[in-house]
Amino acid sequence: QVQLVESGGGLVQAGGSLRLSCVASGIINSINAMGWYRQAPGKQRELVAHSSSGDRTNYADSVKGRFTISRDKAKHTVYLEMNSLKSEDTAVYYCNAQGYISGWLQNFWGQGTQVTVSS
């Protein structure tokens with residue numbers, strides 16, 4: 001009922017910047033919170049950044065001061081601005097949305113976008 005499409009991934013050199021976008025469609029009025037997760041080879045999927053319906057944000061310690069999450073609720077879009085990228089940021093980045101549909105809390109995921117940081 002909610003579809004998420006990420007864009008903006010690609011190859012970037014260490015120290016560079018990248019901006020990821022995620023556009024939601026479907027029953028978008030149900031969405032409360034959105035966030036970004038990532039999964040690197042051999043590691044579990046981890047939270048990168050999260051934004052609540054009240055725009056409260058939190059970040060993984062590894063990205064604090066470098067990444068910024070923001071939302072344009074009118075456009076049903078969440079962004080992740082990534083600066084000072086490091087090789088260890090290489091991962092598949094997934095957009096996540098949470099919301100209630102028919103009284104049930106549900107989680108929705110995008111297909112993921114690859115971010116590769118070269119050294």
Side-chain angles (χ1 to χ4, degrees):
Q1 298 99 314
V2 174
Q3 295 81 44
L4 305 173
V5 179
E6 304 102 330
S7 62
L11 176 65
V12 64
Q13 290 189 334
S17 299
L18 213 57
R19 182 180 174 90
L20 305 183
S21 300
C22 173
V23 181
S25 61
I27 312 177
I28 46 85
N29 289 340
S30 68
I31 298 174
N32 292 323
M34 298 187 74
W36 289 94
Y37 291 71
R38 68 185 181 186
Q39 186 167 22
K43 300 188 68 176
Q44 293 183 314
R45 186 175 298 185
E46 64 177 354
L47 174 69
V48 177
H50 181 271
S51 179
S52 71
S53 62
D55 297 322
R56 174 179 56 83
T57 61
N58 59 78
Y59 299 88
D61 289 341
S62 60
V63 307
K64 286 181 180 177
R66 298 189 298 120
F67 291 10
T68 302
I69 187 171
S70 61
R71 290 177 69 179
D72 187 336
K73 294 180 179 179
K75 295 182 178 180
H76 320 298
T77 301
V78 64
Y79 305 93
L80 185 67
E81 188 76 34
M82 303 184 293
N83 300 310
S84 302
L85 283 162
K86 306 174 180 179
S87 296
E88 50 263 45
D89 295 318
T90 296
V92 177
Y93 285 71
Y94 297 91
C95 179
N96 169 259
Q98 302 163 43
Y100 286 89
I101 298 178
S102 299
W104 297 93
L105 178 64
Q106 300 187 39
N107 251 310
F108 305 95
W109 296 92
Q111 294 296 309
T113 184
Q114 177 71 48
V115 172
T116 302
V117 183
S118 64
S119 57

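Every value quoted in this text rests on a predicted model; they were computed, and no experiment measured them. Starting from 1, each residue takes its place in the sequence as its number.
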Indicate the atoms forming the closest heavy-atom contact of T90 with A40, along with that distance. O-CB, 3.6 Å
May I have the step-by-step check of side chain to side chain contact (heavy atoms under 4.5 Å, CB included) for T57 and T68, ending in yes or no? CA-CA 9 Å; T57 61; T68 302; over 6 Å; no
Mind running side chain to side chain contact (heavy atoms under 4.5 Å, CB included) on H50 and N58 for me, showing each step along the way? CA-CA 5 Å; H50 181 271; N58 59 78; 3.6 Å; yes
Smallest heavy-atom separation, I27 atom then S30 atom, equals O-OG, 2.7 Å
Going from CD on Q111 to SG on C22, what distance comes out if it is rounded to the nearest 0.5 angstrom? 11.0 Å
Taken to the nearest 0.5 Å, the spacing of W109 CH2 from N107 CG works out to 6.0 Å
Side-chain (K75) to main-chain (V23) donor-acceptor, under 3.5 angstrom: no
Locate the shortest heavy-atom distance separating V117 from Q13; write the atom from each residue and the value. CG1-C, 4.0 Å
Note: D61-K64 ion pair, threshold 4.0 Å (strictly below): yes
Say whether, by atom type as modelled, one donor and one acceptor occur between the side chain of E6 and the main chain of G112 under 3.5 angstrom. yes
Please name the residue in the list L4, I69, T77 that meets the side chain to side chain contact (heavy atoms under 4.5 Å, CB included) test with M34. L4
Could you see if V78 belongs to whatever hydrophobic cluster contains V63? Use Ile, Leu, Val, Met, Phe, Trp, Tyr and a side-chain cutoff under 4.5 Å. yes
Correct closest heavy-atom pair for I101 and F108 would be CD1-CZ, 3.5 Å
For S51 against R71, the heavy-atom pair lying closest together: OG-CD, 3.4 Å
Stepwise side chain to side chain contact (heavy atoms under 4.5 Å, CB included) test for V115 and M82: CA-CA 10 Å; V115 172; M82 303 184 293; 4.0 Å; yes
With rounding to the nearest 0.5 Å, note down the distance linking OG in S118 to CG in L85. 10.0 Å
Checking V2 against H76 for the side chain to side chain contact (heavy atoms under 4.5 Å, CB included) test, could you report, in this order, the C-alpha distance in whole Å, the side-chain angles of both residues, the deciding distance, and whether it holds? CA-CA 11 Å; V2 174; H76 320 298; over 6 Å; no
Output for pair (F67 CZ, L18 CG), nearest 0.5 Å, gives 9.0 Å
Hydrophobic cluster membership, Y59 vs Y93, 4.5 Å side-chain cutoff: yes
Quick one: NZ on K86 to CZ on R66, what's the gap to the nearest 0.5 Å? 4.5 Å
Between S17 and N83, which heavy-atom pair has the shortest distance, and what is it? OG-OD1, 2.9 Å
Value for CG (L80) from CH2 (W36), rounded to nearest 0.5 Å, stands at 6.5 Å
